[in-house]
A.B. asks: 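My questions all concern the structure below.
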Number of protein chains: 2
Amino acid sequence: MTGNESGRRHTRDDVAETALRILDDYGLPDLTMRRLAAALDVQPSALYWHFPNKQTLLAELADRIVARGAGAPTDTTAWPDRLRAESVALRDALLAYRDGAEVVASTYALGLGDSAAQRRLAAAAASGGFDAETSDRAATALLHFVLGHVSHEQQRMQFDSIGVLATGEAADPLDASDSAAAFAFGVDLLVGGLERLGDESRSGPLSRSRT
Amino acid sequence: MTGNESGRRHTRDDVAETALRILDDYGLPDLTMRRLAAALDVQPSALYWHFPNKQTLLAELADRIVARGAGAPTDTTAWPDRLRAESVALRDALLAYRDGAEVVASTYALGLGDSAAQRRLAAAAASGGFDAETSDRAATALLHFVLGHVSHEQQRMQFDSIGVLATGEAADPLDASDSAAAFAFGVDLLVGGLERLGDESRSGPLSRSRT
DNA sequence: ACCTGAACACCGTTCAAGT
DNA sequence: ACCTGAACACCGTTCAAGT
């Protein structure tokens with residue numbers, strides 16, 4: 001596609017896309033600058049013309065992974081459903097690349113990359129009528145949960161595929177539907193908590209439920 | 001304390017405690033096997049008599065960090081308060097060591113270490129009368145949030161201390177009370193979601209509409 | 001039981017220089 | 001504009017051998 005397999009010179013986009021292919025095929029630990037350079041038929045030092053360092057390259061990959069999970073804003077549905085949909089879309093985007101969650105999580109932790117995922121979640125929350133700070137905090141909580149959950153999920157997928165199970169540890173073989181259910185449960189907890197908060201503020205700070 | 005500064009031979013405990021000191025003083029990136037060996041006045045290869053590899057050593061550190069945050073079971077308080085208290089205790093334990101959250105998160109992601117944190121949270125949830133699967137999933141969701149939040153928090157602390165702020169980016173200087181409030185908000189969302197779930201199942205599956 | 005010495009097979013990054 | 005060549009300063013891990 002953007003490979004530029006033999007045409008000597010490369011663009012920043014070439015480098016990023018080749019890196020994404022290595023990431024997806026061999027995983028994050030095997031995505032080294034030297035391996036990437038070799039895949040591009042170039043010396044390792046050549047990469048530093050396109051990116052100042054490896055972290056910046058990884059941030060670019062994180063942005064691309066997240067951006068590929070972006071659908072239409074879906075302004076029609078109720079806000080809790082929209083928030084759930086954004087969470088699922090983010091999970092799908094992360095699952096689309098091997099170690100996708102870890103790449104995005106580490107980039108996010110370092111404060112690099114556009115924070116597109118965070119902004120999408122915050123916008124969905126804000127559509128529920130919450131103020132900016134509440135929306136941001138809810139988005140952050142959701143984002144942390146999603147990144148943590150999918151990181152864990154992808155780690156388990158690798159272990160299972162290599163078959164690195166300790167003797168005696170039968171170890172649940174990671175049912176995909178179980179994983180999705182556990183994910184949905186976590187999202188429901190957070191969205192439910194936000195709904196509850198909305199109910200409370202709507203019914204006033206002093207009036208408990210009508211009993 | 002356990003330093004064994006000059007007495008030639010070391011125990012597994014020495015190695016772990018020295019590693020914790022390096023972690024706390026210089027951070028995770030500087031905790032290398034070679035640096036640890038130097039601190040113990042020993043060749044790097046000597047470490048491999050005590051631990052089979054670096055990941056196993058890090059798992060040991062993670063277990064110690066989490067264990068140090070363990071207080072009394074507090075069976076007196078209501079379960080939502082107990083769950084909140086466990087979450088805060090876990091955060092405090094992680095904050096007690098530099099990069100503590102990242103060490104625990106990566107160990108947890110790899111499925112290494114005793115999962116003491118997860119078990120404590122699950123026990124607190126179960127004390128609310130939820131079944132084992134629900135308690136586990138709630139604990140996992142909480143754990144992911146806590147690890148993600150504190151990782152982020154600690155990353156920012158380092159950035160701020162080194163003063164690596166991009167020009168023009170005034171960047172909020174990370175108010176500690178803000179951080180604590182954002183943390184409490186996320187915990188409240190999850191605990192609140194769980195309370196809501198309890199209310200629903202108590203009032204029957206059909207009584208409440210979910211629009 | 002605990003460690004040394006020496007090696008293996010790697011890393012990310014810099015920088016002068018080339019075209 | 002984009003890359004080479006060569007180096008710097010590191011990594012984790014293995015393994016025979018020592019005491």
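Here is the naming used below: chain letters follow the sequence lines, and residue numbers restart at 1 for every chain. Side chains are part of it too, since the values below use all heavy atoms of this structure and drop only hydrogens, waters and symmetry mates.
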A.B. asks: Any side-chain N or O of A:H10 under 4.0 Å from OP1/OP2 of D:dA1?
C.D. replies: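 Answer is no, no contact under 4.0 Å.
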
A.B. asks: Just how far, in rounded Å, is C1' of C:dC2 from CG of B:D13?
C.D. replies: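 For the pair B:D13 CG and C:dC2 C1', the rounded distance is 16 Å.
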
A.B. asks: Can you run through DNA chain C from 5' to 3' and write each base as (, ), [, ], | or . depending on how it pairs? Watson-Crick or G-U wobble, both distances under 3.5 Å.
C.D. replies: ||.|||||...|||||.||

A.B. asks: Distance-only criterion, 3.5 Å: show the donor-acceptor pairs between side-chain atoms of residues 53-62 of chain B and protein atoms not counting sequence neighbours.
C.D. replies:
residue : atom : partner : partner atom : Å
B:N53   : OD1  : B:Q55   : N            : 3.4
B:N53   : OD1  : B:T56   : N            : 3.0
B:N53   : OD1  : B:T56   : OG1          : 2.8
B:K54   : NZ   : B:L31   : O            : 3.0
B:E60   : OE1  : B:R12   : NH2          : 3.2
B:E60   : OE2  : B:R64   : NE           : 2.8
B:E60   : OE2  : B:R64   : NH2          : 3.4

A.B. asks: Go through the structure and list residues passing side chain to side chain donor-acceptor pair (under 3.5 Å) with A:S135, not counting sequence neighbours.
C.D. replies: none

A.B. asks: Tell me, please, which residues at least two apart from A:H149 pass side chain to side chain donor-acceptor pair (under 3.5 Å).
C.D. replies: A:E153

A.B. asks: Of the nucleotides C:dG18, D:dT4, C:dC3, which has the atom closest to the A:V42 side chain?
C.D. replies: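 Side chain of A:V42 sits closest to D:dT4.
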
A.B. asks: Sequence neighbours left out, what passes ring pair (Phe, Tyr, Trp, His ring centres under 6.0 Å) with A:H152? Give chain and number order.
C.D. replies: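 A:H152: ring pair (Phe, Tyr, Trp, His ring centres under 6.0 Å) contacts with B:Y108, B:H144.
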
A.B. asks: Under the side-chain contact (heavy atoms from CB on, under 4.5 Å) test, which residues partner A:A138, sequence neighbours left out?
C.D. replies: A:L194, B:F185, B:L189

A.B. asks: Please state how far atom CZ in A:R9 lies from atom P in C:dG18, giving the value in whole angstrom units.
C.D. replies: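 Atom-to-atom, A:R9 to C:dG18, this comes out as 15 Å.
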
A.B. asks: Taking the same atom, P, in C:dA9 and in D:dA9, what whole-Å distance lies between them?
C.D. replies: 23 Å

A.B. asks: For B:Y97, check side chain to side chain donor-acceptor pair (under 3.5 Å) against everything at least two apart and list the hits.
C.D. replies: B:R68

A.B. asks: Taking the P atom in each of C:dC2 and D:dA17, what is the distance between them to the nearest angstrom?
C.D. replies: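 Straight-line distance between the two P atoms is 22 Å.
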
A.B. asks: How many whole angstroms separate atom CG of B:L47 from atom P of C:dC2?
C.D. replies: 14 Å

A.B. asks: B:Y26 ring centre to B:R98 NZ or CZ under 6.0 Å, with the angle to the axis within 45°?
C.D. replies: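 No cation-pi geometry.
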
A.B. asks: For A:S87, enumerate each residue passing the side chain to side chain donor-acceptor pair (under 3.5 Å) test, keeping only those at least two apart in sequence or located in another chain.
C.D. replies: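 Side chain to side chain donor-acceptor pair (under 3.5 Å) check on A:S87 returns nothing, list empty.
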
A.B. asks: Quick one, give me the B/S/- string for nucleotides 7-15 of chain C, reading 5' to 3', where B means a protein heavy atom under 4.0 Å from the base and S means that only happens at the primed atoms, P, OP1 or OP2.
C.D. replies: ----BBBBB

A.B. asks: Regarding B:D13 and B:T11, do their side chains bring together a donor and an acceptor under 3.5 Å, going by distance alone?
C.D. replies: no

A.B. asks: Rounded to the nearest angstrom, tell me the gap between atom CH2 in A:W49 and atom C1' in C:dA16.
C.D. replies: 18 Å

